[in-house]
Amino acid sequence: MRLPVAPPTATARLWLAAALSVVAVIGGAYLLESHGYSWAAAALVAAGVAAGAARFLASSRADRRYAKVLENEVATQTRSLVDSLTATADAERRLRLVMDAVPDAIAVLDRDGRVIDLNESAKRLLAASPDAGTGRNVFASLEPDAAATVRERLSAAFRGEVQRFEVPGRREDNSKNLCAMLYAPVRERGEVTRVLALARDITDQKHTEHQLQQAEKLSAMGQLVSGVAHEINNPAAIISGFAQTLLLDVVKPEQREMLQMIYDEASRIGRITANLLAFARAGGSQRTLVDLNDIVRRTFALRSYHLTTLNIAVSLELSPAEPKFWADPSELQQMLLNLLINAEQALVSVETARTIVVRTVASEDEVRLEVADSGPGIAPEIRAKIFDPFFTTKPEGVGTGLGLSICYGIAREHGGRISVDSPPGRGATFVVALPRDPRREGRPLPEAPAPAPPATGTVTVLIVDDETALRNALLKFLGRRGIQGEGVADGGDALRALRERDFDVIISDVRMPGMSGREFLERLGRERPALVARLIFSTGDTFAPETAALIKEAGRPTVTKPFDFAELERVIRQVAADAARRRPMASA
Ligand code: ADP
């Protein structure tokens, strides 16, 4: 066995050369001498040996210098290699920190959709899939349609085109979401070798956008609807007025029946326009402290007979925790009525058990009203449209498409929201969540109207309305009831008429061309303050914010078009009686 021999170091070599020289000189001299050579020859040989040793020594020094240079070079190269490795590791670490700090998912994909690299958000986004991480395939967790889209977009990105698209997916908790994707080609030496994929969960953003669009659409629709409702209201009021006047006459029974029908239908138009205006209005409703359970009981009582005849079983699951809150009771009733009627209409189409559950739930911040039916439910493709005004799937004459849009308007007015849940085969559940807002000033419910003073004595009325036919209808009816009057088209004419003669009562429209009801009130207040107490406002839309504000500020009685003439007469006589009581003081 050969043992490895370590090469001599530079110093060892130096010592070796010196020792050899000395030994050679001494040895050479001795040998020469012993073989009979002269000292001169011996000296010559020794000098030769010494020269050889010196040369050996010189070459050994050059070797040493070269070795030193080599050593330094190796050390420098090693240092720079270590530095550059450290810098690369640092850069990679920083890049990773930056990637992980991005809330959007970032992944690098190869041509087959395999994940080569990904950040923390991408790991979370892909966590729904069992084989999340690098090496997995992005198509694995996608629905077939979404996977086809992604495949197509990825190929386009590998062709060098930047791709932006949206794709449905699933979150970590397996819930569905929608992602906005960006695929950017990564080029190396002019060739696309990888694709950088960015994904952002835009589910909430989409939802908010959708709500905003819905609100904008409804607000535009509201303006249109309110304009139409105003236009329809006046003719309806005129028809209703003449029908009521003719009903005062002694007419044949069949004529009476027809007149009554004309009056009923005109009143129906009035109710429809009131509904339209309720949907379109932006505020002005009266709030009071209401008990939601109470509203449910009362509204259910209105429909209970009808529900029984349709073989529909209703159960009321009312919250024991007193769901009281500030709201407009008549609007809440209207909302529940619409939901109940929809449930009824849905249930008549099913032969299986017909049930409706009305539930109230109260928490500290909100009250919830739920109406669940066991009907056919609502198909996903129309779910987004059912709150749109005029959207209906019911035959003509049955559906108007306004019920749910009114509910939407009422919920929004109360600062709440309405939603529907309809899993396949499990009917439909409408949920209305309304905040309990104690800051809103409530007003007590209007008290039952006082009985009208007896129809004695002559009462004179000034009617201010730009609709000639409506003024005539009113004057005719009132004339039959012993109330004399005069009609004028606007506030200016009214002030002139009041300068010429006295009227016990003034009925003024709120919305008139030229001088508005508010301006008329102000002018009357300045010129004839005593007459303000004789004023009654008439309006087709008590919900319009400016009308509601005027009525509230003026504190004057208001009659709504189309008029119920009997009610109008009662208010006129009441105001006339109050004015008569004040008269001595006013003239004093
Ligand atoms: P309308 O009842 O006049 O059609 P709505 O605005 O109240 O108008 O309702 C719009 C549509 O929503 C209905 O035509 C119907 O298709 C659907 N819908 C409402 N409530 C229900 C329900 N409880 N079950 C099934 N479909 C419903």
Side-chain angles (χ1 to χ4, degrees), residues 210-211 213-215 217-222 224-226 228-229 268-269 271-281 296 299-300 302-304 306-307 310-317 330-360 368-413 416-433:
H210 176 75
Q211 281 184 329
Q213 276 169 3
Q214 183 83 353
K217 194 166 66 181
L218 287 179
S219 135
M221 193 70 88
L224 181 80
V225 159
S226 108
V228 172
R268 191 152 83 101
I269 296 174
R271 283 198 299 278
I272 293 171
T273 53
N275 268 351
L276 288 172
L277 293 168
F279 154 69
R281 86 204 177 286
V296 171
T299 314
F300 170 63
L302 286 178
R303 300 299 296 176
S304 73
H306 195 67
L307 289 160
L310 294 172
N311 206 14
I312 297 173
V314 179
S315 60
L316 306 184
E317 296 178 6
S330 59
E331 287 186 354
L332 289 187
Q333 179 156 2
Q334 185 180 15
M335 176 151 67
L336 179 54
L337 209 52
N338 289 352
L339 295 177
L340 276 178
I341 291 171
N342 274 347
E344 268 171 43
Q345 289 175 339
L347 284 168
V348 288
S349 68
V350 295
E351 293 306 323
T352 46
R354 298 173 175 178
T355 58
I356 299 179
V357 179
V358 183
R359 194 175 292 119
T360 60
R368 252 198 3 251
L369 170 69
E370 293 178 14
V371 180
D373 65 63
S374 61
I378 301 162
E381 57 273 18
I382 66 159
R383 226 170 279 166
K385 298 187 203 141
I386 57 170
F387 295 103
D388 289 357
F390 306 112
F391 175 82
T392 182
T393 55
K394 295 171 190 168
E396 222 177 289
V398 180
T400 58
L402 281 174
L404 288 179
S405 54
I406 288 171
C407 294
Y408 180 93
I410 293 174
R412 188 191 53 190
E413 264 307 297
R417 59 194 185 281
I418 179 166
S419 57
V420 67
D421 188 25
S422 186
R426 304 236 311 268
T429 303
F430 284 86
V431 180
V432 184

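Model, not experiment: these values are computed from the prediction. Both counts, for ligands and for their atoms, begin at 1 and track the order of listing.
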Is there a heavy atom of [X] sitting under 4.0 angstrom from any atom of ligand 1?
{"X": "Asn338", "value": "no"}
{"X": "Gly377", "value": "yes"}
{"X": "Phe430", "value": "yes"}
{"X": "Gly375", "value": "no"}

Nearest protein heavy atom with distance in Å, relative to [atom]:
{"atom": "atom 4 (O) of ligand 1", "result": "Thr392 OG1, 2.5 Å"}
{"atom": "atom 10 (C) of ligand 1", "result": "Phe391 O, 3.3 Å"}
{"atom": "atom 8 (O) of ligand 1", "result": "Gly401 CA, 3.2 Å"}
{"atom": "atom 16 (O) of ligand 1", "result": "Thr393 OG1, 2.4 Å"}
{"atom": "atom 2 (O) of ligand 1", "result": "Lys394 NZ, 2.6 Å"}

Any idea which atoms of ligand 1 are less than 4.0 Å away from a heavy-atom of [X]?
{"X": "Leu404", "answer": "5 (P), 6 (O), 7 (O), 9 (O), 12 (O), 19 (C)"}
{"X": "Ile386", "answer": "6 (O), 10 (C), 12 (O), 17 (C)"}
{"X": "Ala346", "answer": "22 (C), 24 (N), 25 (C)"}

Output yes when the distance from some N or O of ligand 1 to some N or O of Asn342 is under 3.5 Å, and no in every other case.
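Min N/O separation from ligand 1 is below 3.5 Å for Asn342.
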
Can you check whether Asp421 reaches Val431 side chain to side chain, under 4.5 Å on heavy atoms?
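Answer no - side chains too far apart.
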
Going by heavy-atom distance to atom 18 (N) of ligand 1, choose the closest among Asp373, Ile356, Ile378.
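Among Asp373, Ile356, Ile378, the closest heavy atom to atom 18 (N) of ligand 1 belongs to Ile378.
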
Can any side-chain N or O of Arg354 pair as donor or acceptor with the backbone N or O of Leu310 at less than 3.5 Å?
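Here the side-chain-to-backbone pair exists.
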
